[in-house]
Asks: 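Take a look at this one; I'll ask things after.
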Amino acid sequence: MTAADKILIDAMQAGNQKAFQEFVETYQNMVTNTCYGLLQNVADAEDVTQEVFIEVYRSISKFRGDSKLSTWLYRIATTRSIDVLRKRKRRSMVQSIQTFFGGEASAMQVPDNRSQTPQEALENDERAAVLAAAVAKLPEPQQIAFTLSKYEDLSYQQIAEVMDKSISSVESLLFRAKQNLRKYLADYYRND
Amino acid sequence: MQPSNNETEKPLKAIKMKDINKEIEKTLQSWDDVKRSEANPFLYTRIEQKIEDLETPWQTNRVWYWQLLLVAGLVIFNLFTIATALSSNENQSVYDTIAEQYNISTDVQSTFNFY
């Protein structure tokens, strides 16, 4: 943990509101980017980012500084994002069951947000959408490792710390993620 | 001499596979062009508001509390009224049943007049 982080945490633990604001401003892009990488939806990523910082605010007194502040934040952000992804999957399952039994799809439909990206330039880029859809199909650990590596440029060591795994298992996760992505993309282009 | 179907399919398949692999590589590379997402400029204000709401729910939900209090008051008043009515009805019906079984008048005045 850096000296600046230590000062910030001490101030936050003392209940300093200004310190919390500084903390949010320092880490907001990092958290938003991680959440967006996993969720591929701007609104959801913003909601989860808010939740992440609220959780930090509530549990800052319990933070003992065993890990880096950024590692702790990445952990909360990935856990919260995965929760949202699970909810989405459950909702789409319920929806498909309803459709199967002839019922109309509920009003709470899971929007296909894969085409909505914050990056104007890539909004209509089919490749980005195809890749995002392929990443969404990956198993959760591979998805987290791949997102942290590609979106946040984290090293294997850093990803291992966030995911609480060994470096070799992160290497293998990323290797399998790339293999799976190639497989999904090959299937997509073969059927295209 | 015309080549057999299998012979023409092989190079076509190979070309297609080559194209697919090219597409896959291009798609995987497209990730490198993705720019970092930036946080909403009003993020801190929103977080601050949410924290305030969480810390003082009785203030933000004051109307809701008053409504709940009013409903609770009405329910208690209704229960009290019902309970009072039931207890007087119950007493009355017990006396009436006994009087009916023994063929006794429940009118005290008439009973005295009889004697």
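Keep in mind the model is a prediction, meaning the values are calculated, not measured. Each chain gets a letter, A, B and so on, in the order the sequences are listed, and its residues count up from 1.
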Asks: Chain B heavy atoms under 4.5 Å from A:Val135: which part of the residue, side chain, backbone, both or neither?
Replies: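 Side chain only.
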
Asks: With a 4.5 Å heavy-atom cut-off (strictly below), which parts of residues 177-186 of chain A touch chain B? List them by number.
Replies: A:Leu181, A:Arg182, A:Leu185, A:Ala186

Asks: Among residues 49-61 of chain A, which ones touch chain B with a heavy-atom distance under 4.5 Å?
Replies: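 Listed by number: A:Thr49, A:Gln50, A:Phe53, A:Ile54, A:Tyr57, A:Arg58.
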
Asks: Say whether A:Ile167 and A:Leu174 are linked into one hydrophobic cluster, either directly or through other cluster members, by side-chain heavy-atom distances under 4.5 angstrom.
Replies: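 Linked, A:Ile167 and A:Leu174 end up in one cluster.
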
Asks: Looking at every heavy atom in both A:Glu46 and B:Leu43, which two are closest together, and how far apart are they?
Replies: O-CD1, 4.5 Å

Asks: Could you look at A:Phe23 and say if it's the side chain, the backbone, both or neither that has a heavy atom under 4.5 Å from chain B?
Replies: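 Answer is neither: A:Phe23 stays 4.5 Å or more from chain B.
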
Asks: Tell me whether the count of non-hydrogen atoms from other residues, nucleotides or ligands lying under 6.0 Å of NZ in B:Lys50 goes above 12.
Replies: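 Yes, NZ of B:Lys50 has more than 12 neighbouring heavy atoms, counting only those of other groups under 6.0 Å.
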
Asks: Suppose clustering is done on Ile, Leu, Val, Met, Phe, Trp and Tyr with side-chain heavy atoms closer than 4.5 Å. Which residues sit in the same group as B:Leu79?
Replies: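 Under the 4.5 Å side-chain rule, B:Leu79 groups with B:Val71, B:Val75.
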
Asks: Look only at the side chain of A:Asn29 and the backbone of B:Glu38, and say whether a donor-acceptor pair between them is shorter than 3.5 Å.
Replies: no

Asks: On a heavy-atom basis, which atom in B:Thr27 and which in A:Arg127 lie closest, and how many Å separate them?
Replies: CG2-O, 3.5 Å

Asks: What's the separation between atom NZ in B:Lys26 and atom OH in A:Tyr189, rounded to the nearest 0.5 Å?
Replies: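 That separation rounds to 9.5 Å.
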
Asks: Hydrophobic clusters here meaning ILVMFWY residues chained together by side-chain heavy-atom distances under 4.5 Å, can you tell me if B:Leu54 and A:Phe20 are in one?
Replies: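 Yes.
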
Asks: Examine whether an atom of B:Glu25 lies under 4.5 Å from a heavy atom of chain A, and if so say whether it belongs to the side chain, the backbone or both; otherwise answer neither.
Replies: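 The side chain, not the backbone.
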
Asks: Could you grab the distance from atom CD of B:Glu48 to atom CD of A:Gln21, nearest 0.5 Å is fine?
Replies: 6.5 Å

Asks: Sequence neighbours left out, what pairs pass salt bridge (charged side-chain N to carboxylate O under 4.0 Å, His left out) with at least one residue falling in residues 7-22 of chain A?
Replies: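 Qualifying pairs, neighbours excluded: A:Lys6-A:Asp10.
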
